[in-house]
Q: 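Pasting a structure below so you can have a look.
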2 protein chains.
Amino acid sequence: MSTAAETTGGDIEPWEEVTPDAARRLLVAAVEAFAERGYHATTTRDIAGRAGMSPAALYIHYKTKEELLHRISRIGHERALGILRTAAEGEGSATERLADAVSSFVRWHAGRRTTARVVQYELDALGPDARAEIVALRRRVDAEVRGIIEDGVASGEFDVLDVQGTTLAVLSLCIDVARWFNIEGPRTPDEVGALYADLVLRMVGAKDAGAARK
Amino acid sequence: MSTAAETTGGDIEPWEEVTPDAARRLLVAAVEAFAERGYHATTTRDIAGRAGMSPAALYIHYKTKEELLHRISRIGHERALGILRTAAEGEGSATERLADAVSSFVRWHAGRRTTARVVQYELDALGPDARAEIVALRRRVDAEVRGIIEDGVASGEFDVLDVQGTTLAVLSLCIDVARWFNIEGPRTPDEVGALYADLVLRMVGAKDAGAARK
DNA sequence: GCCGAGGGTGAGCGGGCGCTTAGGGCGCTC
DNA sequence: GAGCGCCCTAAGCGCCCGCTCACCCTCGGC
């Protein structure tokens with residue numbers, strides 16, 4: 001595989017943009033708690049406790065518990081979109097770019113599983129406005145993947161009957177990694193990424209799947 | 001497609017086994033509420049209200065709110081397992097049986113989306129004992145699909161490097177349908193089932209995919 | 001040495017939660 | 001038609017939730 005992140009985790013911690021330090025610690029604590037128990041089952045006291053602070057400290061940096069989820073969700077989606085865009089804009093054939101996109105997207109969902117879980121499964125806990133903003137980001141995620149698949153169909157590399165349906169299935173497959181992946185399981189994020197890139201190339205009927213496995 | 005359910009919904013309502021009538025109405029109300037808002041965000045008052053009863057009525061038929069989830073989860077998993085087993089034990093080649101299994105499993109996840117959502121995504125809300133029982137059922141689900149894939153590899157119909165990993169991916173793809181499927185969207189459960197059966201046959205490198213599309 | 005601002009705390013508010021209890025109505029049995 | 005058992009309700013208990021408020025400590029500027 002190519003481009004960015006080679007390591008197992010996939011990426012640098014993306015929370016460095018959150019300041020000040022106390023706000024970041026609270027946000028990281030919230031990600032862990034939301035991922036473990038879900039948004040609704042997590043209490044503000046639990047989040048503050050994990051960050052080593054009193055319950056009231058949370059409200060100095062965030063207006064509500066929902067604002068925390070919103071910030072996490074937006075940053076996470078931007079990160080995911082960035083990963084796909086890097087792959088989509090890369091050089092190489094559609095086959096290579098799709099393999100790259102899937103393997104890095106999957107590596108992120110496996111390696112940063114706690115973040116990905118919150119990002120992908122807690123969307124419904126947001127209010128209408130925040131939800132609409134995140135849904136717009138998701139449509140751009142969909143468009144990136146669909147773009148690569150359309151390129152491959154146009155160039156004759158892929159054989160796909162239902163482009164939108166296949167796009168949906170490919171994204172769905174990658175996203176669900178966040179549900180089942182277990183750090184202590186038998187597979188590393190890199191291995192799952194490689195397996196999934198191969199499976200997706202089969203799904204789109206890529207003629208020359210072997211070439212993308214550098 | 002073959003075997004059971006031809007209609008859009010996929011199956012008869014599986015709750016007929018729950019008696020008495022009031023207990024069933026409560027259970028159906030709970031499925032709807034859990035699917036819409038999640039287990040933790042659903043209140044016992046909401047469940048009772050949907051069933052047209054007072055909050056206290058719930059506790060005549062169920063010991064706790066968790067027992068409701070447990071009953072829903074067990075019945076739902078048994079239903080899902082039954083669908084896969086019917087397909088796995090059918091006659092015909094591994095290719096045909098895999099296509100049948102995937103299309104009926106997907107039809108269930110799309111058509112009975114509310115039930116499937118609760119079954120697939122609220123597992124973590126169960127206590128350790130109930131959770132262990134459900135996890136055992138899931139292993140049997142996994143074994144059914146793996147069995148078909150192993151048959152296809154043995155007979156030379158399929159070309160699969162990592163049988164366990166591919167099994168996981170196939171199940172993951174089907175299960176995630178419950179997350180994104182929308183009854184009011186452009187696709188019927190039957191259409192998604194057919195699309196997914198085709199995609200899965202490609203994933204396992206089925207030599208004669210066309211033959212399974214009757 | 002004093003001051004103000006900003007990050008932090010302890011205590012606690014109003015409210016909604018899961019669940020319990022005392023009792024009421026209705027239909028069956030004889 | 002008295003007695004009994006089964007469903008169900010009204011009321012409410014104790015608890016913990018998200019969030020607020022009054023106050024404190026620390027630190028840079030002068």
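Lettering follows sequence order; numbering is per chain, from 1. The structure presented is a predicted model; accordingly, all values stated were derived computationally and were not measured.
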Q: Reading DNA chain C in the 5' to 3' direction, which nucleotide is the first one with an atom under 4.0 Å from a heavy atom of chain B, and which is the last?
A: C:dC17 to C:dT21
Q: Just jot down the salt bridge (charged side-chain N to carboxylate O under 4.0 Å, His left out) partners of B:Asp21, sequence neighbours excluded, or say none.
A: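 Salt bridge (charged side-chain N to carboxylate O under 4.0 Å, His left out) list for B:Asp21, sorted by chain: B:Arg24, B:Arg25.
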Q: Counting primed atoms plus P, OP1 and OP2 as sugar-phosphate and everything else as base, spell out the protein contacts along nucleotides 5-11 of chain D at 4.0 Å heavy-atom distance: B, S or - for each nucleotide, 5' to 3'.
A: ---BBB-
Q: Are any of the side-chain nitrogens in A:Arg131 or A:Asp124 under 4.0 Å away from the carboxylate oxygens of its partner?
A: yes
Q: Do the side chain of B:Lys63 and the main chain of B:Leu68 share a donor and acceptor less than 3.5 angstrom apart?
A: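 A pair under 3.5 Å: no.
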Q: Tell me whether B:Glu67 is salt-bridged to B:Arg71, with the criterion being a basic N under 4.0 Å from an acidic carboxylate O.
A: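 The answer is yes: the pair qualifies as a salt bridge.
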Q: Do any pairs count as a ring pair (Phe, Tyr, Trp, His ring centres under 6.0 Å) and have a residue in residues 171-195 of chain B, sequence neighbours left out, and if so which ones?
A: none
Q: Can you list everything that forms a ring pair (Phe, Tyr, Trp, His ring centres under 6.0 Å) with A:Tyr39? Sequence neighbours excluded, please.
A: A:Phe34
Q: So B:Gln120 and B:His109, side chain to side chain donor-acceptor pair (under 3.5 Å) or not? Walk me through it.
A: CA-CA 10 Å; B:Gln120 300 295 357; B:His109 278 82; 3.1 Å; yes
Q: Assess whether a salt bridge exists between A:Arg179 and A:Asp176, defined as any Lys/Arg side-chain N lying under 4.0 Å from an Asp/Glu carboxylate O.
A: yes
Q: I'd like to know if B:Arg187 pairs up with A:Asp162 as an ion pair, taking the criterion as any Lys NZ or Arg NE/NH1/NH2 lying under 4.0 Å from an Asp or Glu carboxylate oxygen.
A: yes
Q: Keeping the roles fixed (side chain from B:Tyr62, backbone from B:Ala23), state whether a donor-acceptor pair exists under 3.5 Å.
A: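 Checked: pair present.
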Q: Below 3.5 Å is the cut-off: list the nitrogen or oxygen pairs between protein and nucleotides 16-18 of chain D, distance only.
A:
unit_1	atom_1	unit_2	atom_2	d
D:dG18	OP1	A:Thr42	O	3.1
D:dG18	OP1	A:Lys65	NZ	3.0
D:dG18	OP2	A:Thr44	N	2.8
D:dG18	OP2	A:Thr44	OG1	3.0
D:dG18	N7	A:Arg45	NH1	2.8
D:dG18	O6	A:Arg45	NH2	3.0

